Q: 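One structure, pasted below without further comment.
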Amino acid sequence: MQIAIIAPSPVPFCIGGAENLWWGLLKSINQDTPHQADLIKLPSPEMNFWELIDSYRSFSNLDLTHFDLVISGKYPGWMVQHPNHICYMLHRLRGLYDTYHFTRYSEIYSSKNREIITLQQFIRSNQGNRNALKECFERLERLRFSSNCPEDAFQFPGPLIRELVHFLDGIGLATDAIKKYAAISRNVVKRETYFPLGSAVEVIYPPSNIQCFRKGSSDYLFTVGRLDSAKRISLLIQAMKYVKTNIQLKIAGTGPDADYLKKLAGEDERIVFLGFVNDQEITNIYADSLAVPYVPYDEDYGLVTIEAMMSGKPVLTTTDAGGPNEFVINGETGYSVLPDPQALAERIDYLCEHRDEAQQMGLAGRKLVAEINWQNTVAQLLGETKPFISTSLSSPVVKRRKKITVALTFPVFPPRGGGQSRVFHLYRQIASQFDVELVTFTNADQDVFRGEIAPNLYETRIPKSKQHQEQEWLIEKKVGVPVTDVIMPQLYHLTPAYMEALKASVESSDFVVACHPYLLPAIQAVTNKPIWYEAQDVEMELKKVSCQIIRWGMSY
């Protein structure tokens, strides 16, 4: 295939996580697959209302019919029109979506201006309609040069540009415009309004472009990132005031808050600002650190987490950090604490006093992220059944292992109760010889999750449908006892997404396991393959009383 990777080029130009992702995709597709790819970027200034509108219009007019596939991942690049379009989302324009509430501006622009009123009526009646784009941009162009528009109409950020961008994104990301939705993290998937309602989104973790991570000594704390408010370096500096241990905090990066942060650090000689650090240097600095504190606010993904774990270092983050918490397992690969300086300081001192434990956490983190590499990322994104293997002699040949699918009525990771722990540790051991996919149910208010929860152990977690959850609650209310498991044979079909996930998993499996008997009918509905049964109890005897109560309650 001829593949176009579509991306905005920031004005003024700067290199960030997005640029590293485009370059990594481009290099891997061209070097590790039989396909050819090109990176197509358009200058995309967004300092004001009209710059952003013009950027959206430029991408919407691109003719990419000479490519077989296009991949976009960031606004306004996904405005391109192509019959074979994959959206691999980094994020939407956060200042007009999930962080807009910080502005305290109204969400809806109100005006008596007739031109603005008719524009708003037009876009509200044409949601998701690509044929309305041309007229929308024409109306906006007339509005741009109108002499009687109120000054606050073109406020940026502001309610009118917010409504327009939501309208434009709704067209670019409509279900009839995108062949496949993917995201760089679960944190991106769970953000409201990021993806069309009911759409299936695959989480595909991208790797770092830095090569040859290694584990060295444990001499200091290290963090890296742009020095701005979102990365919350100030929170770490404040935490250091409470740290009792004499350990350095090295901070790499540049940004608009550099002077403020240096002033905040004051005379604390333990805090060292390194400025810009190239990839070769940063590999060595990671290697010789004790731990990596990384505390951004609601980060999309956070490559720092991956880089730290690739270097065999535990990560200290906060409960509101977003993406890092998909990898920081409290007490196993690092710590996640409240975004409080004293809470951070307490964990820093603990890591300093328990260096052997910190090293074990680092090794656990390294195992957790070991399979995040460009070959696997590209294979998942393109829907290939196996990762592409380089012909280089240095690349080992990967042989397919046999796979087991396990059907469960409850989520497994992270294991909290006894049943979850039993299943997690049992199949984690089996995963040393087989690939294991747990296809699990969770409550309706939870998110879809697909990911590796231990080496070669995967969980696909599907929320119950609203109808399923309501029926379960109704029965439970009648009978007065929890019924999630025993009523599952009658209700599983009310969650079609679970059946689709189970069928997809079973198709690529060699064995199917009914973990407890309750989903046996669901397994039989999707496959004729032999079924193994396992449970720690004689379930019929254990649930006999409950089943009698349920039958009585339902007949009543």
Side-chain angles (χ1 to χ4, degrees), residues 1-11 13 18-19 21-31 33-93 96 119 122-123 126-145 161 164-183 194-196 199 378 381-384:
M1 289 191 296
Q2 309 298 314
I3 301 173
I5 302 169
I6 312 301
S9 179
V11 178
F13 179 70
E19 284 64 41
L21 189 146
W22 314 137
W23 296 336
L25 275 180
L26 182 70
K27 180 179 179 181
S28 183
I29 291 172
N30 285 325
Q31 293 188 0
T33 82
H35 311 301
Q36 293 180 314
D38 195 7
L39 175 60
I40 299 173
K41 301 185 77 177
L42 297 181
S44 303
E46 52 179 77
M47 296 298 292
N48 60 52
F49 185 108
W50 294 112
E51 284 185 350
L52 187 59
I53 292 296
D54 289 342
S55 292
Y56 269 84
R57 175 162 42 192
S58 296
F59 278 100
S60 71
N61 289 331
L62 273 181
D63 180 1
L64 298 171
T65 54
H66 55 299
F67 286 96
D68 302 304
L69 171 71
V70 299
I71 300 171
S72 67
K74 191 176 178 184
Y75 69 93
W78 48 57
M79 291 305 296
V80 299
Q81 185 176 19
H82 195 279
N84 197 15
H85 185 173
I86 294 175
C87 175
Y88 183 26
M89 187 180 289
L90 284 74
H91 59 80
R92 295 202 186 194
L93 204 172
L96 299 179
L119 172 66
F122 177 78
I123 64 177
N126 283 281
Q127 296 293 315
N129 180 11
R130 192 173 188 95
N131 293 327
L133 271 182
K134 184 174 183 294
E135 184 173 344
C136 175
F137 286 126
E138 289 174 351
R139 287 174 179 264
L140 281 166
E141 197 64 16
R142 291 195 295 270
L143 203 61
R144 186 193 301 225
F145 298 105
I161 189 64
L164 283 163
V165 166
H166 280 237
F167 167 72
L168 294 170
D169 287 344
I171 291 172
L173 296 172
T175 53
D176 60 355
I178 302 296
K179 179 182 178 181
K180 175 179 178 177
Y181 298 99
Y194 265 36
F195 293 93
S199 58
V378 169
L381 192 62
L382 299 183
E384 305 289 347

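Predicted model only: the values in this text are computed from it and were never measured.
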Q: What is the minimum heavy-atom distance between F122 and C136, and which atoms define it?
A: CE2-N, 3.8 Å

Q: Roughly how far apart are R144 CZ and E141 CD, rounded to 0.5 Å?
A: 4.5 Å

Q: Is the closest side-chain heavy-atom distance between R139 and I123 below 4.5 Å?
A: no

Q: Applying side-chain contact (heavy atoms from CB on, under 4.5 Å), run through V80 and I40 and close with a yes or a no.
A: CA-CA 11 Å; V80 299; I40 299 173; over 6 Å; no

Q: First locate atom CG of L52, then atom CD1 of I161, and finally report the distance between them rounded to the nearest 0.5 Å.
A: 5.0 Å

Q: Go through the steps to decide whether M79 and L133 satisfy the test side-chain contact (heavy atoms from CB on, under 4.5 Å), and finish with yes or no.
A: CA-CA 10 Å; M79 291 305 296; L133 271 182; 4.0 Å; yes

Q: So, the side chain of H82 versus the backbone of F67: is there a donor-acceptor pair under 3.5 Å, distance only?
A: yes

Q: Per the side chain to side chain donor-acceptor pair (under 3.5 Å) rule, what does the pair list look like for residues 166-182, sequence neighbours excluded?
A: Y56-D169, W78-D169, N84-K179, Y97-D169, K180-E202

Q: Measure the spacing between CZ of F59 and NZ of K74 and express it to the nearest 0.5 Å.
A: 10.5 Å

Q: Got a second to check how far L143's CG is from L119's CG, nearest 0.5 Å?
A: 6.5 Å

Q: Hey, is the main chain of Y194 close enough, under 3.5 Å, to the side chain of R92 for a donor-acceptor pair?
A: yes

Q: With rounding to the nearest 0.5 angstrom, report the CH2 to CG distance, W22 to L39.
A: 8.5 Å

Q: Looking at K41, I'd like to know if its NZ atom is crowded, meaning that more than 12 non-hydrogen atoms belonging to other residues, nucleotides or ligands lie closer than 6.0 Å.
A: yes

Q: Do you know the tightest heavy-atom contact between H66 and D63?
A: CE1-O, 3.6 Å

Q: Can you tell if the side chain of P10 reaches within under 4.5 Å of the side chain of E19, non-hydrogen atoms only?
A: yes

Q: Has D38 got a side-chain atom pairing as donor or acceptor with A4's backbone, closer than 3.5 angstrom?
A: no

Q: Should R57 and L140 be marked as a side-chain contact (heavy atoms from CB on, under 4.5 Å) after you check the CA-CA gap, both sets of side-chain angles, and the distance that decides it?
A: CA-CA 11 Å; R57 175 162 42 192; L140 281 166; over 6 Å; no

Q: Do C87 and L173 have side chains that get closer than 4.5 Å, going by heavy atoms?
A: yes

Q: Kindly give the heavy-atom pair with the smallest separation between L381 and A182, and that separation in Å.
A: CD1-CB, 4.2 Å

Q: What heavy-atom pair brings H85 and S72 nearest, and what distance separates the two atoms?
A: NE2-OG, 2.7 Å

Q: Distance check, rounded to the nearest 0.5 Å: L25 atom CG versus I71 atom CD1?
A: 6.0 Å

Q: Determine the minimum heavy-atom distance between V378 and S28, stating which atoms define it.
A: CG2-OG, 3.5 Å

Q: Against L42, only a single residue in P8, S58, S9 fulfils side chain to side chain contact (heavy atoms under 4.5 Å, CB included); can you say which?
A: S58

Q: Go through it in stages, so that I can follow the logic: the residues are E46 and S55, the test is side-chain contact (heavy atoms from CB on, under 4.5 Å), and I'd like the CA-CA distance, side-chain angles, deciding distance and then a yes or no.
A: CA-CA 8 Å; E46 52 179 77; S55 292; 5.9 Å; no

Q: Minimum heavy-atom separation for A177 to G172, with atom names?
A: CB-O, 3.8 Å

